[in-house]
Amino acid sequence: DKLKKGLSKTRENTIGKIEALVKSSKKLDDDFWEELEEILIQADVGVNTTIELVDNIKQAAKKQKMHDSSEVLELIKDEVRKLLEYNNVPLNIPERELAVILVVGVNGAGKTTSIAKLAYRFHEEGKKVLLGAADTFRAAAIDQLNIWADRVGVELIKHQEGSDPGAVVFDAIHAAKARHADILIIDTAGRLQNKANLMKEISKIKNIIQREIPEAPHEVLLVLDATTGQNAISQAKIFEEATGVTGLILSKLDGTAKGGIILAVEKELKIPVKLVGIGEGLEDLRDFSPQIFTEALFA
Ligand code: GDP
């Protein structure tokens, strides 16, 4: 399916190479493990995560008294799945009250598209969705979100460019309550150049939300561009400090051969990946399931 197709570059660059390695080396010796490490690091799994993963695979092989490399692929698959399952948590959407989702991330990461995809999904499920355009810094951001809102068929609460993002959020919450909406998704500015300002702005937005709905936002989703590799991890650390991220949307997985970043992200950030982007279309967002993901990757 689409997920499998989206992972094809990564599959070629990882599983394809591991299969070739298995073919060329009969025994599970030091050379084998070293080359496996190299493949994983090269696919952006990250040094620490790679070392731990290969260690786990080695131990599992030992336990099963496995010497022949031909059986090892299944073991690798198991350990990858286990690592991904480690802190897997699904989206937190309350049943009977307004769910508020704050979406953060640097410009270009795929924030607007991911919001549109999420809105589309909830809309398709029959939920009433509202969007809030709190990235008031760029007129283009508001316009872009407006285009998507029209396309999906949901209402967008917006003010003019340069207006106070807090005021937009306040209005959006009141509109969502008045319309008995199920889900409010709020876009935020993504200027990482000025970290202090970004932190201030997002924490102000959070305060305004919490004043209206104490248990909200139910999710603070950080959008990370999978094609930016290890860079995504340092970005995530800054946002985590600024906003207390509850989950990640890993976008553009289809555009990279280094999808191993998902392992690094899960392991090093300890923030669950909740959704993955596998294309530019409205349907190209999937709940992240370690099981389904691993099956698609190793298929
Ligand atoms: P923003 O600046 O963070 O709001 O980024 P956008 O949502 O405008 O996305 C930037 C570009 O990335 C656009 O051309 C999107 O179509 C593209 N994009 C976003 N998500 C994905 C994805 O999952 N896969 C692919 N291939 N492209 C994506």
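This one's a predicted model, so the numbers in the text were calculated from it and none came from an experiment. Below, all heavy atoms of this structure are taken into account, side chains as well, without hydrogens, waters or symmetry copies.
A salt bridge links Asp78 to Arg81: one of the charged nitrogens lies within less than 4.0 Å of a carboxylate oxygen. Ion pairing of Lys158 with Asp187 is absent here, as no side-chain N (NZ or NE/NH1/NH2) approaches a carboxylate O to less than 4.0 Å. A salt bridge is defined here as a Lys NZ or Arg NE, NH1 or NH2 lying under 4.0 Å from an Asp or Glu carboxylate O, and Lys117 with Glu283 fails to meet this definition. No salt bridge links Lys252 with Glu280; every basic N to acidic carboxylate O contact stays at or beyond 4.0 Å.
Atom CZ of Phe137 has 12 or fewer neighbouring heavy atoms from other residues, nucleotides or ligands inside a 6.0 Å radius.
In this structure, the side chains of Leu73 and Ile18 come closer than 4.5 Å at one or more pairs of heavy atoms. Within the 4.5 Å cutoff, the side chain of Lys26 has no heavy atoms near those of the His67 side chain. Looking only at side-chain heavy atoms (C-beta outward), Gln235 and Leu222 stay at 4.5 Å or farther from each other. Residues Ile115 and Leu145 form a side-chain contact, since some pair of their non-hydrogen atoms from C-beta on lies under 4.5 Å apart. Looking at heavy atoms from C-beta onward, Tyr120 lies out of side-chain contact with Val129 at the 4.5 angstrom threshold.
When all heavy atoms of Leu118 and Ile249 are compared, the closest pair comes out as CD1-CD1, 4.5 Å. Residues Ala60 and Glu79 come closest through the heavy atom pair CB-OE2, 3.9 Å.
Listed by first then second residue, pairs satisfying side-chain hydrogen bond (donor to acceptor under 3.5 Å, both in side chains) with a partner in residues 121-149 read Asn107-Arg138, Arg121-Asp287, Glu125-Lys127, Asp135-Arg138, not counting sequence neighbours.
For Lys267 and Tyr86, the positive end sits near the middle of the six-membered ring, less than 6.0 Å away and at most 45° from its axis.
Clustering ILVMFWY residues whenever any of their side-chain heavy atoms sit less than 4.5 angstrom apart, transitively, puts Leu221 in the very cluster that holds Ile185.
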